[in-house]
Structure formats: structure tokens, C-alpha cells
Amino acid sequence: MSVIIKRLSWKPILNIVTFIALFATVYALRTQISETIENLSDANLFLIVLIAPLAATNHYSQARMYQSLFRIFGERFRTKAMFRLSLELNFVNNVFPSAGVSGFSYLGLRLKNEHVGSGKTTLVQLMRFVLLFISFQILLGIGLLLLAFSGNANNFMMLVAGSLATFLLAGTSLVAYIIGSKKRINTFFVFMTRVLNRAIHVVRPNHPETINIDGVRETFGELHDNYMKIKKDFSQLKKPLLFALLANIVEVGAIFVMFQAFGKFVNPGAIIIAYAVANFAGIVSILPGGIGIYEALMTGVFATAGVSPALSLPVVLAFRVVSMGIQLPTGYFFYQKNLREHSTPT
């Protein structure tokens, strides 16, 4: 029996795990899907169809952002390849519950066949989040101005926007401080690795060092060296920042279009702030795609802006279901295609 198990390929196992994760995501969304199907009869289907090209534009923006970041480190990829990669990462981050960690791991393994170091891919993924967060802050300012013009910029909305901006700025500064020194980055990540190894050791007593500490030192040493290349000239980040901003604008635009599809006009400022809050919470959530947290927070923020849950909840649910229905199947297709093309477990 043990011989048979050893001969089993990792691909069928991974496919089964992926299928289970995908089924779990759909099962968790079953109520939202049912309600959305019922509500779509009252919506403008032409406007809903526009979500597809907007989603494609979002992934194009993400692809160009990845392309620009890798180019800073001397790696050149075609836009088409990065577009496909963006869809794969979206699938991985939405289906596998890991608070965004799956995307970091997948990117490193995905580009291992292209001889791109894990320290480089980790920094690119980290910079992607930082640039999206910076563009969030730009959008938050615009959102508050739009709410102020309409008289809906209440104290709570100001507090939410200010708290988000402060938290994102502090978080970005802390990350830059840690990775800006080889000693600090080594101390921090080696400490975190030891903590994780001890936690894993509880359930895997025969594996005292599941995560190799020397490998961690090498990876994050490379991450520090690549970060210093960016630090020498931050103007290199202008182009990827513009694409990050475009990606967020398109996503906000898609939510606005969905409201229009249901015949409801909502101040774009409220959409911007609700989108920023929900996405930030969705990133740190361990639930697949931030299910439940995303919808609840977005509806709550809309309520503080004067949009009743009875109006916003069906639209938010419809947007989530339609958006996932468009992006997850294509992401799954490219994800499976990558498994077939390469022998490296992803």
C-alpha cells in the first residue's frame, strides 16, 4: 500500500483539493447566488454584461502593474502572460482560505520555471499590495470630496476614511522599515518562522523544522537586495502606481454600474469608501474571498452614507456573484493549464 501511495502523482491530489475548495466557495455563496438569480429579473441585463469588460480591464491593469514591477528587476514578461497570471492569482486568493498568503506562494512557484527568485516574486507581490493601498488613499480623498459636495460626508465616514488612511500609511512604513535593513528583516522573519515551526510542530511532531530557516534567510535576503534597487529611485514606481489606481477605479466603476443596472443611483464617494473598507477586510480575512465579511462591511458603510441595506445588499450580492462568476472559471482554467504545462507543484 505504501508503494502505491508513493507512486501517486501530486497533480490528482492537488486537483481534488482545488475542486473541494472551489465547491466550498460556491456552497458558501449558495444563498447569495439564489437571491441574485431572483433579483436579476429586475435588473438591466445590458448594464450587467458591462461588468465583463470592466473585469477584463481590471486584470489588464493588474497585468501591466506586474509587468512594470518585474521590469524594474530586469525581468521581462509579455502583457498576455501577466494577464493570465493575474486571473490565476485571483482564483487562488479567492478559493484558498489563507488571508492572501496563497497568492505569495503561488506566484513564487508559478515563476520558478521562469528562473525568477522567490525573494523577487515576494517583493513584487508585496509592492502590488502597497501600491493598491496607496491608490486606495488617493481614492479615499476623492470619495470624501464627492460625499462633501452632496452633503453626506458625516463624522463616521470621515473617521472611517481617516482611520484607513492612517492604518495603511503606518503599515506601509512598518514594512519599509523592516525590509530596509538586512539585519531587521533577518531577525523579524527568522523569529516568525520559528514561531510558525513550533505551531506546526504541535500537529506534526515528527517535523521540528517544517519551514527551512536557512531558506527563509536566503529568500528575504534577496527580497532586501531587490528592495534597495527600488529605494534608490522611487520614481520607478510611477507607472505601476498608475496601473494600480486604474485597477481600483475600474473596480469601483463596476460596482457603480451594478447599482445603475438595478436602477439605483448611489454617490460614487460612498462606493469608494465602502469598496476600500470591504477590500481591506477581505484581504486579511481567512475566509475564501472574504465571503460574508466583504458583503457585511460594504452594506454597513453604505448604511452610514444614507443608503439603506434593503437597497445596497441585493446590489452588493449581485456584484459579488456576477464578478466571481466571470473571473473564477477563467482563473481556474488557466490554473489547471499551468498544472498541465509544468511539473512543479503549485
Side-chain angles (χ1 to χ4, degrees), residues 29 32 35-36 39 43 47-48 50-51 54-55 57-58 61 90 93-94 100 129 132-169 171 244-285 287-324 327:
L29 281 168
Q32 292 94 319
E35 292 177 2
T36 298
N39 292 327
L47 290 176
I48 290 178
L50 288 179
I51 301 297
L54 288 171
T57 304
N58 176 274
S61 303
N90 180 70
N93 283 324
N94 273 285
F129 279 107
L132 287 172
F133 289 158
I134 292 173
S135 66
F136 272 165
Q137 296 186 50
I138 297 171
L139 286 178
L140 283 172
I142 296 172
L144 284 176
L145 284 175
L146 291 172
L147 286 173
F149 286 137
S150 64
N152 291 321
N154 55 50
N155 291 334
F156 181 78
M157 296 297 280
M158 296 285 288
L159 176 64
V160 169
S163 299
L164 259 182
T166 302
F167 188 82
L168 294 176
L169 180 62
L245 182 60
L246 177 60
N248 281 325
I249 289 173
V250 170
E251 190 82 354
V252 170
I255 300 172
F256 180 79
V257 168
M258 185 61 78
F259 271 104
Q260 293 296 106
F262 279 83
K264 310 295 183 183
F265 176 82
V266 174
N267 191 307
I271 295 176
I272 289 172
I273 295 176
Y275 167 78
V277 171
N279 270 273
F280 181 75
I283 288 172
V284 299
S285 170
L287 298 174
I291 292 171
I293 294 176
Y294 184 102
E295 294 84 359
L297 283 176
M298 186 168 274
T299 303
V301 175
F302 278 131
T304 63
V307 182
S308 69
L311 178 101
S312 63
L313 185 57
V315 178
V316 172
L317 292 178
F319 171 73
R320 289 281 278 167
V321 171
V322 171
S323 181
M324 285 189 174
Q327 299 176 65

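Just so it is clear, the structure is predicted and the values come from calculations on it, not from any experiment.
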* Asked: Residues in side chain to side chain contact (heavy atoms under 4.5 Å, CB included) with E251, at least two apart?
  -> N58, Y275, F319
* Student check: side-chain heavy atoms of I255 and M298 closer than 4.5 Å -> yes
With a 3.5 Å cut-off and sequence neighbours excluded, list the donor-acceptor pairs that the side chains of residues 133-148 form with protein atoms.
residue: S135; atom: OG; partner: L131; partner atom: O; Å: 3.3
residue: S135; atom: OG; partner: L132; partner atom: O; Å: 2.7
residue: S135; atom: OG; partner: N248; partner atom: ND2; Å: 2.5

* Taking atom CD1 of I249 and atom CZ of F256, what is their separation to the nearest 0.5 Å? -> 14.0 Å
* Asked: Taking only residues two or more places apart in sequence or in another chain, which ones pass side chain to side chain donor-acceptor pair (under 3.5 Å) with S323?
  -> Q327
* To do: Search all heavy atoms of L54 against all heavy atoms of A254 and return the closest pair with its distance.
  => CD1-CA, 3.6 Å
* Residue pair V316 / F302, side-chain heavy-atom distance below 4.5 Å -> yes
* Asked: Can you tell me how far CD1 of I48 sits from CE of M258, rounded to the nearest 0.5 angstrom?
  -> 5.0 Å
